[in-house]
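The structure appears right after this line, and notes come after that.
Numbers here simply count residues along the sequence, with the first being 1.
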Amino acid sequence: MKRILIGLGLLAIVAAAIVAAAWPRAEFIPARSQEAWAATPDNIARGAYLARAGDCMACHTARGGLPYAGGRALATPFGTVYAPNITPDARTGIGAWTADDFWHALHNGIAPGGRLLYPAFPYPNMTKTTRADADALYAYLRSLAPARQPNRPHDLRFPYDRQIVLAGWRLLYFKPGVYVPQPARGADWNRGAYLVEGLGHCAACHSPRNGLGATGARLSGGMIPTIGWYAPALDAAGEAGLRDWDQAHIVQLLRTGVAPRGAVFGPMAEVVGQSLQYLSDADAGAMAAYLHALPGDPGPRQPSAPPSDAVMKAGRDLYEHHCADCHGADGRGTRIAGQPAYPPLAGNGALTMADPVNAIRIVLNGGFPPATAGNPRPFGMPPYSPQLDDAEVAAVVTYVRNSWGNAAPPVTPPEVNRWRAVPLD
């Protein structure tokens with residue numbers, strides 16, 4: 001019994017040390033002045049722009065709900081997190097928060113009263129946001145109409161629902177800090193890095209996550225938890241690396257969702273439609289400059305046996321019947337009125353990634369690029385799950401992954417079947 005008590009005492013000491021080390025893991029930067037977050041037209045307009053750039057509405061608005069009133073369910077491997085109300089309602093929103101309270105939440109992941117926030121709210125990325133931008137965001141959110149909508153408690157499994165566990169996570173994986181510019185890189189690159197790494201929180205999807213949900217290597221690709229889409233690596237030419245793209249085409253992709261060498265679908269279509277299309281020319285160009293400068297290392301590719309002649313023939317027949325009219329017999333896509341319509345498949349890294357999940361889901365479920373100001377009537381792809389069985393989908397995806405200079409492992413019918421019943425979001 002004595003040994004048990006000693007052991008429990010040691011565990012309590014360790015737990016207390018974790019809490020002491022991690023709980024106050026925060027830094028405070030004061031506002032320049034009270035005018036920095038005052039409800040002036042300039043502050044509100046700037047905050048509205050930053051909220052768009054950070055795609056805040058996407059998580060803080062339930063489907064069909066009031067803007068920023070919260071309630072959207074965010075599924076995680078640990079349970080469901082519900083986004084909170086961030087309208088200025090005094091009881092259920094942030095109406096009673098000060099500008100310092102908002103700063104602590106955005107920068108440090110700490111709510112008023114000291115409650116630690118779950119990193120489903122991407123404060124590990126948002127922490128790079130400057131105090132001036134945080135104050136402008138606060139001014140904008142405070143200008144919204146208050147929405148009386150109580151926050152729904154998170155539904156997380158034990159022990160992930162415990163603050164002490166979250167404190168331990170923060171000790172391991174979180175360190176607050178505003179983005180530090182690299183003068184040698186130039187103004188455009190630094191502005192792009194600030195948007196991509198911080199406010200835009202691109203790494204929240206485009207990075208691998210470990211078993212505790214922490215992101216790994218920056219922008220090196222990862223499966224988006226629970227929804228079954230792979231966010232490709234932005235630093236690898238074999239996936240979505242943009243080093244060999246024209247920067248003007250990167251801007252076009254960010255602002256319109258389509259470009260001569262590709263188009264966005266799935267979750268990224270929502271990001272472009274709700275956020276990136278509203279970037280200023282300067283900020284879109286800065287993001288393009290940063291993304292263009294990322295490494296273009298193709299990375300190691302695992303050798304695999306080539307697909308069989310029978311599978312390639314079956315895939316070619318299906319492609320010619322269902323796909324060639326839009327994507328071209330040569331896989332080079334089509335343009336209408338000089339603008340990209342259906343994306344090219346030849347040389348398209350989105351098709352040849354080691355994990356074929358995105359290609360499979362596009363064939364099964366179809367999809368559209370977003371409707372944007374620069375592409376208001378996007379051309380989409382119909383779903384083929386009602387027409388093609390698992391073997392046929394596997395064959396046509398294998399064919400496009402291994403034609404026109406593409407090369408990738410064959411897709412099997414069980415891989416297709418795994419994703420057939422998974423909803424798009």
Side-chain angles (χ1 to χ4, degrees), residues 21-33 36-37 43 46-47 49-56 99-110 116-117 119 121-139 169-210 214-222 233-235 241-243 247 250 254 275-276 279-280 282-297:
W23 210 291
R25 179 163 279 201
E27 63 177 6
F28 179 69
I29 297 175
R32 292 171 298 178
S33 68
W37 47 266
N43 282 344
R46 181 182 173 195
Y49 174 80
L50 294 169
R52 284 277 203 185
D55 204 10
C56 303
D100 287 346
D101 290 334
F102 185 79
W103 163 260
H104 278 300
L106 190 72
H107 184 74
N108 297 312
I110 301 175
L116 303 180
L117 300 176
F121 167 51
Y123 62 84
N125 307 101
M126 293 292 188
T127 190
K128 295 181 181 292
T129 304
T130 64
R131 178 66 200 246
D133 280 354
D135 286 341
L137 280 165
Y138 176 78
W169 187 94
R170 289 166 60 91
L171 178 64
L172 292 172
Y173 302 117
F174 174 64
K175 184 177 180 181
V178 171
Y179 175 76
V180 178
Q182 300 182 34
R185 289 287 200 165
D188 275 355
W189 186 94
N190 276 288
R191 177 63 176 173
Y194 174 75
L195 292 169
V196 170
E197 295 182 8
L199 195 63
H201 59 283
C202 303
C205 289
H206 288 276
S207 293
R209 292 182 179 269
N210 65 18
T215 54
R218 307 298 289 183
L219 303 178
S220 59
L234 301 178
D235 60 357
L242 302 170
R243 195 174 183 86
Q247 282 189 218
I250 302 175
L254 296 176
S275 175
L276 298 182
L279 291 174
S280 66
D283 279 350
M287 285 186 69
Y290 177 74
L291 294 170
H292 186 264
L294 290 173
D297 182 5

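Checked against Y123 for a side-chain contact (heavy atoms from CB on, under 4.5 Å), the options H201, K128, R170 give a single hit: R170.
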Practice prompt. Show your working on side-chain contact (heavy atoms from CB on, under 4.5 Å) between L242 and H292 and close with a plain yes or no.
Written response: CA-CA 5 Å; L242 302 170; H292 186 264; 5.5 Å; no

Item to complete: Quick one: do R46 and D135 satisfy salt bridge (Lys or Arg N to Asp or Glu O under 4.0 Å)? Show the steps, please.
Response: CA-CA 10 Å; R46 181 182 173 195; D135 286 341; over 6 Å; no

Worksheet item: Between L106 and R131, is a side-chain contact (heavy atoms from CB on, under 4.5 Å) present by the stated rule, with each step listed?
Response: CA-CA 10 Å; L106 190 72; R131 178 66 200 246; over 6 Å; no

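In terms of heavy-atom proximity, T130 sits nearest to Y194 at N-OH, 3.1 Å. For the residue pair T129 and A134, the shortest heavy atom distance occurs at CG2-N, 4.1 Å. Between L137 and A51, the shortest heavy-atom contact is CD2-N, 3.4 Å. Contact record, L254 with M287: CD1-CB, 3.9 Å, taken as the closest heavy-atom pair. Across all non-hydrogen atoms, the minimal contact from A136 to L50 is CB-CD1, 4.1 Å. Residues N43 and A139 share a closest heavy-atom pair of CB-CB, 3.9 Å.
The closest donor-acceptor contact from the side chain of R209 to the backbone of A214 lies at 3.5 Å or more, if one exists at all. Between the side chain of R243 and the backbone N or O of L294 there is at least one donor-acceptor pair closer than 3.5 Å. Between the side chain of T215 and the backbone N or O of S207 there is no donor-acceptor pair closer than 3.5 Å. Side chain of Y179 to backbone of L195: no donor-acceptor contact under 3.5 angstrom is found. Proximity of a side-chain donor or acceptor of N108 to a complementary backbone N or O of E27 within less than 3.5 Å is detected.
Using modelled atom types and a 3.5 Å distance limit, the side chains of N190 and Y290 yield no donor-acceptor pair.
Classification of the F102-Y138 ring pair by plane angle, with boundaries at 30° and 60°, yields tilted.
In this structure, the separation between CZ on R191 and OG on S280 is 7.0 Å, given to the nearest 0.5 Å. Between L291 atom CG and C202 atom SG the span is 7.0 Å, to the nearest 0.5 Å. In this structure, the separation between OH on Y49 and CG on D283 is 3.5 Å, given to the nearest 0.5 Å.
Aromatic ring centres of F28 and H107: separated by at least 6.0 Å.
Looking at Y173 and P124, their side chains never come closer than 4.5 Å, going by heavy atoms from C-beta outward. Side-chain contact between L219 and V196: present, with at least one pair of heavy atoms (C-beta onward) separated by less than 4.5 Å.
With respect to the salt-bridge test (charged N to carboxylate O, under 4.0 angstrom), the residues R218 and D235 do not qualify.
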